[in-house]
*Asks:* 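Here it is: the structure, laid out below.
Letters A, B, ... mirror the listed sequences (proteins, then strands); counts begin at 1.
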Amino acid sequence: MSNDNMNSFFVTTAISYVNGKPHLGHAYEAIACDVLARYKRLSGVNTFFLTGTDEHGEKNERSANKEGLSPQEFTKINSDHFEDMTNYLNISNDYFIRTSSESHHIASKALWNKLVENNEIYIDKYEGWYSIVDETFINEDEIIDGPNKTKLGPSGDKLEWLEEPSYFFKLSKWTNKLLEFYKENPDFIKPKSRRNEVINFVKQGLNDLSISRQRLKWGIKVPNDNKHVMYVWLDALTNYLTAINYPDISDKKFKCFWPADFHVIGKDIVRFHAVYWPAFLMSAGLEPPKTIFCHGFLNINGSKMSKSLGNVLSPKDLVEKYGLDQLRYFLLREVPFGQDGNFSHTQITQRINNDLANDYGNLSQRVLSFINKNCSSQIPEYFELNELDQKYINKFKSLNKSCDKLIFDNLEFHNVLIEIWSCISSANQYIDEQAPWKLKNNNNKRMETILYLLACSIKYLTIMLQPFMPSSCSLILDQLAVENNNRSFNELNNFLSLKPGTQLPKPTGIFPRFTD
RNA sequence: GGCGGGGUAGCUCAGCUGGUUAGAGCACGGGAAUCAUAAUCCCGGUGUCGGGGGUUCGAGUCCCUCCCCCGCUACCA
């Protein structure tokens, strides 16, 4: 690992296959990665956050035909929907990659050539059941037994056994090296349950992998053999390298950000990232990424999201209905990252009203409003701190560090939020116990001290919450008159960092209750 | 079938290498307060810890067995 790589952070989402519009699952992954990236940036780390679209393949080719469009036109339209999503979700990606882009073709071909050079690729035959109607090989689990030992495809047509020349990657020879790699790198696949699955799978022994197709047109041409197009994963996975200027491995960006810190992916594509990808990379003489983190799926009202059930939720609609930061908060608070979870109107409404409106929003509003009315709209002075005050402040001391650990060890976003909320709860207790409203007329110094500590608490908590709810937190920090360059995690080292006498604007509520 | 994970309060779950009356949040009930977005704070649980058997001074926590749920078991992304 180079020195450049030490204080840098590279996180990626999976690239989305653009055969349709984004759904809640895409949003979920993008938001989680966005929180990671923002968190690292606020910690002062040089961060590169990548997302994008996967555009090649027969599905898109066919969908394009069906709509009378070229694959280029079709994928551009859909890719734009995904890029648009990064905007309305306030995703802070540094780059949006498209696999149909020229730079990606160059990178993929370079990787292919490297594998050829290292004798990892050979030509042989790919054989399987082929559907003429669908113009594609059919997976075993999709094949239906027809009459007289015939095989039928998903469209009900008769399948043919077909052979065609194909290039293969020598995956089999990597079996033991992969097992060793997993053993030496316990953090490579997370959560642990996925790691076990992968190891279990690899232990069975690996077959070589078909990595080209002849009858496919929409894709990256195999170098020196124009009849072939690269098949799926070699193309798709390479996007992580393209974005940091591969094949120029002496490039500053590449040296700085490779190996990637986190590839965050859905549990459905674990194998490709945890088996094929490190094998490809090691074959090319490159380091594998540090961690493949697999998140779960979101159910809707308890049932799987699916087109046939008609319950596919559009992130855009959800943002319009509930608010962006509300949605972001809900997704990361409600379900432990890595496990499956559920989305329902009742659940998100409860989170919005209980956590955001009542606990956090109301805390901020009651404190700021009290200051506005009783301290001439200025950050109050603080005087003597008693034992209770110290005890209260101490609750915040270790918050940032324990959150660091929770996030970067296992992406425990929900536990980070639980920790932060425990402090919000302490603040609500503190204000009730201290009851500054009773001190208005007889002990102004004490009242100001209490309010000062509370204002500092809100600043602290809001700085911590920025990665999760960037816009709302920005508004609250505005209300505390915190300068833009005083909003990083650096500020958390000094709890009493607000400057007494600072003029404050009139506060307004940031998290309204949700009512139907 | 094989491998792995799980079955704890109405709901979602926490309970590390076995040890005082089994916990949290939400929901529900009562009270206090009135600075605040009718928000907040305090108090309130008779749960066969999936069933049965065993080890132990002592088991949700270990062993055996049975029942149920989920994931993985190769080329759609």
*Asks:* For the residue pair A:R513 / A:N358, report whether a side-chain donor-acceptor contact shorter than 3.5 Å exists.
*Replies:* yes
*Asks:* Starting at CD of A:Q350 and ending at C1' of B:rA39, how long is that distance when rounded to a whole Å?
*Replies:* 16 Å
*Asks:* May I have the distance from A:Q339 (atom CD) to B:rG5 (atom P), rounded to whole angstrom?
*Replies:* 14 Å
*Asks:* Taking atom C1' in both B:rC68 and B:rA32, compute the distance separating them and give it to the nearest angstrom.
*Replies:* 47 Å
*Asks:* Roughly how far apart, to the nearest Å, are B:rC66 and B:rG25 at atom P?
*Replies:* 40 Å
*Asks:* Quote, to the nearest angstrom, the C1' distance that separates B:rU61 from B:rA14.
*Replies:* 14 Å
*Asks:* Please work out whether the ring planes of A:W421 and A:Y360 are parallel, tilted or perpendicular, with thresholds of 30° and 60°.
*Replies:* perpendicular
*Asks:* Taking only the C1' atom of each, what is the distance from B:rG6 to B:rA39 in whole angstrom?
*Replies:* 39 Å
*Asks:* Could you verify whether a donor N or O on one side chain and an acceptor N or O on the other, from A:S101 and A:H105, lie under 3.5 Å apart?
*Replies:* no
*Asks:* Check the distance between B:rA77's P and A:I269's CD1 and give it to me in whole angstrom.
*Replies:* 11 Å
*Asks:* Take A:E120 and A:K173 through the salt bridge (Lys or Arg N to Asp or Glu O under 4.0 Å) test and state the conclusion after the steps.
*Replies:* CA-CA 9 Å; A:E120 300 284 352; A:K173 74 175 218 196; 3.0 Å; yes
*Asks:* Please say whether more than 12 non-hydrogen atoms of neighbouring residues, nucleotides or ligands are located less than 6.0 Å from NZ in A:K21.
*Replies:* no
*Asks:* Are there more than 12 heavy atoms of other residues, nucleotides or ligands under 6.0 Å from atom CD of A:E67?
*Replies:* yes
*Asks:* Once you measure the plane-to-plane angle for A:F413 and A:F468, does it fall in the parallel (<30°), tilted (30-60°) or perpendicular (>60°) bin?
*Replies:* perpendicular
*Asks:* Please state how far atom CG in A:L363 lies from atom P in B:rU40, giving the value in whole angstrom units.
*Replies:* 11 Å
*Asks:* Give the rounded distance in Å between these two atoms: CZ of A:F511 and P of B:rA39.
*Replies:* 17 Å
*Asks:* Would a line drawn from the ring center of A:F293 to the ring center of A:F188 be shorter than 6.0 Å?
*Replies:* no
*Asks:* Can you classify the ring geometry of A:F343 versus A:F330 as parallel (below 30°), tilted (30 to 60°) or perpendicular (above 60°)?
*Replies:* perpendicular
*Asks:* Examine A:W112 together with A:Y167 and report whether their ring centres are nearer than 6.0 Å.
*Replies:* yes
*Asks:* With C1' as the reference atom in both, quote the distance from B:rA22 to B:rA9 in angstrom, rounded to an integer.
*Replies:* 10 Å
*Asks:* For B:rC26 and A:N353 - does any side-chain N or O of the residue sit under 4.0 Å from the phosphate oxygens OP1/OP2?
*Replies:* no
*Asks:* Summarise how protein sits on nucleotides 28-36 of chain B as a single string, 5' to 3': B when a protein heavy atom is under 4.0 Å from the base, S for sugar-phosphate-only contact, - for no contact.
*Replies:* -----SSBB
*Asks:* Starting at the 5' end of nucleotides 69-75 of chain B, put B wherever the base has a protein heavy atom under 4.0 Å, S where only the sugar-phosphate does, and a dash everywhere else.
*Replies:* --SSSBB
*Asks:* Mind telling me whether A:H23 and A:H26 have parallel, tilted or perpendicular rings, with 30° and 60° as the class edges?
*Replies:* tilted
*Asks:* Can you give me the dot-bracket string for RNA chain B, 5' to 3', counting Watson-Crick and G-U wobble pairs with both distances under 3.5 Å, using [ ] for crossing pairs and | for partners on another strand?
*Replies:* (((((((..((((.....[...)))).(((((.......))))).....(((((..]....))))))))))))....
*Asks:* Output the rounded distance in Å from CG (A:N354) to P (B:rU37).
*Replies:* 18 Å
*Asks:* Where each residue is assigned the nucleotide of RNA chain B containing its nearest heavy atom, which of A:D268 and A:T508 is assigned the position nearer the 5′ end?
*Replies:* A:T508
*Asks:* Can you check the A:L234 CG to B:rA77 C1' distance for me, whole Å?
*Replies:* 15 Å
*Asks:* Relative to the ring of A:F280, is the ring of A:W277 parallel (under 30°), tilted (30 to 60°) or perpendicular (over 60°)?
*Replies:* perpendicular
*Asks:* Would A:S376 and A:Q378 count as having a side-chain donor-acceptor pair, cut-off 3.5 Å?
*Replies:* no
*Asks:* Could you check whether A:I418 gets within reach of a base, just the sugar-phosphate, or nothing at all, counting any heavy atom under 4.0 Å?
*Replies:* nothing
*Asks:* Rounding to the closest angstrom, what is the interatomic distance between B:rU34 and B:rC26 at atom C1'?
*Replies:* 25 Å
*Asks:* Please state the P separation for the pair B:rG51 and B:rG7 - nearest whole angstrom.
*Replies:* 12 Å
*Asks:* Can you check the distance between B:rU55 and B:rC63, where both ends of the measurement are the C1' atom (answer in whole Å)?
*Replies:* 7 Å
*Asks:* Would one find a side-chain N or O of A:N358 under 4.0 angstrom from OP1 or OP2 of B:rU40?
*Replies:* yes
*Asks:* Rounded to whole angstroms, how far apart are CG on A:N415 and P on B:rG15?
*Replies:* 10 Å
